[in-house]
Amino acid sequence: MKFNTKTIHGGQKHEPSTGSVMPPIFQTSTYAQSSPGVHKGYEYSRAANPTRTALENAFASIENGTHGFAFASGLSAIDCVLRLLNPGDEVIAGDDLYGGSYRMFTRLFQKYGLKFHFVDMDNVDNVTNQITDNTKLIWLETPTNPLMKIADIGAIATQVKSINNNILVAVDNTFATPYLQKPLDLGADIVMHSATKYLGGHSDLVMGALMVKNEKLAEELHFIQFAGGAVAGPMDSFLALRGVKTLHIRMQRHCENGKAIAEYLAHHPKVGHVYYPGFKSHPNHEVAKKQMSDFGGMVSFRLKDVSKAAAFKFLESTKVFTLAESLGGVESLVNHPVTMTHASIPEPERLKIGITDSLIRLSVGIEDIDDLISDLERALL
């Protein structure tokens, strides 16, 4: 199947007892057994639920994987990956990460004996130079949140595997979605999504996803998912599956609107810099063009007036863009990383990579582009 067909039919089958086209919401915790241990494939919904199974099959399909896993949140999906590791193991991660990922790495798992190195992944050597005998995981986020940096997934995976084939390469593919890039095809071992965002697409659920195509790795992740218990519920699974079925058509409009907004901002006299990988001036544009089919709907920019007051004036003035956490929904959102998504990162670390008071992040939705530009124009007066 081509991707646009996969989002609707990939990994799916009609519900056998009724022929229901959409999998029903199996709102049940347990399942009848005809004899102890003899059942129809389901025994307890923490282990598996038919609605979640349908969603996990769809997750696997759209990332060209063999196994998908749905979690209660994006962070619980990351938590599952880190539980593959043992005290003393080391992780190399990008220096521009979602604040929640950074918080989990440094404030939760570091005290359990994992060691984290944060490097600029623009240069593959920055990654390989940090590899030691204890390195067990490379954590990529591309495009990054919020500075829209691009890591070369294929080059990093190839170089890392040539040094030690047992090091896992995991990619947070939330910003790009499998519509734009497929990390498993580029050599990654694990793909992670905050399915709260584009995969769900309607700002009405919280969920995480992992996709893999290695049987042994899938077994390990499933055991951690089952034993840890941070699974997605049937109602959220139903909603996320509905979202996946329109991912391709939504992403087309996100990309169109994102490009138009980036170009508008780049020519505005009050805007100092625009972070958008679709621009030829973006330092990672050629890598983005190589591994992504388009450049997405996420745009960050910096005001020329670097004061927090100027940023707040803008943030409080939009009407179509809603000031809110999160991203990837059909509606446009505006975010101030310093005080919102990245507030948990210490100020010296934020400033070191360029997350300053004047930085604003846009999740460009699928509204009419004229309304979106008019909204920004009013807010920038």
Side-chain angles (χ1 to χ4, degrees), residues 52 55-56 59-60 63-94 97-119 121 127 130-131 134-142 144-145 151 153 156-157 160-161 164-178 181-184 186-197 199 206-232:
R52 193 171 85 236
L55 173 64
E56 291 177 333
F59 280 166
E63 281 286 8
N64 290 344
T66 55
H67 297 78
F69 304 93
F71 295 84
S73 69
L75 285 172
S76 61
I78 299 174
D79 176 86
C80 181
V81 174
L82 293 179
R83 288 174 187 267
L84 293 167
L85 309 181
N86 297 304
D89 288 347
E90 298 185 10
V91 179
I92 301 171
L97 289 178
Y98 164 55
S101 303
Y102 182 91
R103 180 179 58 229
M104 175 178 282
F105 291 175
T106 59
R107 297 181 63 183
L108 284 183
F109 279 91
Q110 204 156 257
K111 70 180 182 182
Y112 297 132
L114 298 185
K115 185 176 182 180
F116 295 87
H117 304 277
F118 299 97
V119 303
M121 290 195 171
V127 179
Q130 284 286 349
I131 291 176
N134 294 325
T135 304
K136 297 296 187 293
L137 174 68
I138 312 296
W139 186 266
L140 286 75
E141 190 179 289
T142 181
T144 63
N145 181 3
I153 300 169
I156 291 174
V160 167
K161 298 294 184 179
N164 184 343
N165 194 50
N166 292 320
I167 297 174
L168 294 173
V169 176
V171 177
D172 182 339
N173 201 30
T174 300
F175 270 28
T177 83
Q181 72 183 12
K182 297 181 178 63
L184 295 180
L186 297 171
D189 300 292
I190 302 171
V191 177
M192 175 268 166
H193 288 267
S194 174
T196 310
K197 281 54 172 197
L199 298 190
V206 175
M207 184 182 291
L210 296 176
M211 297 81 152
V212 300
K213 59 179 181 181
N214 176 282
E215 187 70 32
K216 182 177 182 296
L217 182 57
E219 289 176 3
E220 293 175 355
L221 291 172
H222 180 261
F223 172 77
I224 296 168
Q225 181 193 42
F226 165 71
V231 296

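Keep in mind that this is a model prediction, so the values were computed, not measured.
Taking every heavy atom of both residues into account, A93 and L97 meet most closely at CB-CD1, 4.1 Å. The heavy-atom pair separating A77 from M192 by the smallest distance is CB-CG, 4.3 Å. The two residues M211 and F59 come nearest to each other via the heavy atoms CG-O, 3.4 Å. Scanning all heavy atoms of the two residues, the minimum distance from E56 to G68 falls at CB-O, 3.2 Å.
The line from CZ of F116 to CD of E90 is 10.5 Å long, rounded to the nearest 0.5 Å. In this structure, CG on N134 lies 11.5 Å from CG on L85, to the nearest 0.5 angstrom.
In this structure the side chain of L186 never reaches within 4.5 angstrom of the side chain of V171, judged on heavy atoms. The shortest side-chain heavy-atom distance between I92 and V160 does not fall under the 4.5 Å cut-off. Contact check for R103 versus L75: side-chain heavy atoms found under the 4.5 Å cut-off. Side-chain contact between W139 and V81 is present, with at least one heavy-atom pair separated by less than 4.5 Å. Looking at heavy atoms from C-beta onward, F71 lies in side-chain contact with C80 at the 4.5 angstrom threshold. A 4.5 Å side-chain heavy-atom check between L84 and L168 finds at least one atom pair inside the cut-off. A 4.5 Å side-chain heavy-atom check between M104 and I78 finds at least one atom pair inside the cut-off. Between V191 and L210, the closest side-chain pair of non-hydrogen atoms is not below 4.5 Å.
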I'd like to know whether K213 forms a side-chain contact (heavy atoms from CB on, under 4.5 Å) with N64, so could you lay out the CA-CA distance, the side-chain angles of the two residues, the decisive distance to 0.1 Å, and finally the verdict. CA-CA 8 Å; K213 59 179 181 181; N64 290 344; over 6 Å; no
Let's go through I167 and I138 carefully: what are the C-alpha distance in whole Å and the side-chain angles of both, what is the deciding distance for side-chain contact (heavy atoms from CB on, under 4.5 Å) to 0.1 Å, and is it a yes or a no? CA-CA 7 Å; I167 297 174; I138 312 296; 3.8 Å; yes
Is there a side-chain contact (heavy atoms from CB on, under 4.5 Å) between M121 and L140? Walk through the geometry before answering. CA-CA 8 Å; M121 290 195 171; L140 286 75; 3.8 Å; yes
Does D79 form a side-chain contact (heavy atoms from CB on, under 4.5 Å) with F109? I'd like the steps, not just the answer. CA-CA 9 Å; D79 176 86; F109 279 91; 3.2 Å; yes
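The side chain to side chain donor-acceptor pair (under 3.5 Å) test applied to K115 returns no partner, not counting sequence neighbours.
Of the possible donor and acceptor atoms, one in the side chain of T142 sits under 3.5 Å from a partner among the backbone N and O of A151. For the pair E215 (side chain) and E219 (backbone), a donor-acceptor distance under 3.5 Å is absent. No donor-acceptor pair closer than 3.5 Å links the side chain of K161 to the backbone N or O of A157. Using modelled atom types, no side-chain atom of T174 and backbone atom of H193 make a donor-acceptor pair closer than 3.5 Å. A donor-acceptor pair under 3.5 Å links the side-chain atoms of N173 to the main chain of Q181, judged by distance alone. Checked by atom type and distance alone, the side chain of D189 pairs as donor or acceptor with a backbone atom of V169 at under 3.5 Å. Checked by atom type and distance alone, the side chain of T106 pairs as donor or acceptor with a backbone atom of Y102 at under 3.5 Å. The closest donor-acceptor contact from the side chain of Q225 to the backbone of A70 lies under 3.5 Å. In this structure, T144 contributes its side chain and E141 its backbone to no donor-acceptor pair below 3.5 Å.
The aromatic rings of F69 and H67 sit parallel, their planes meeting at an angle under 30°, below the 60° perpendicular limit. In this pair, F118 and F105 present their aromatic rings parallel. The plane angle is below 30°, not in the 30 to 60° band.
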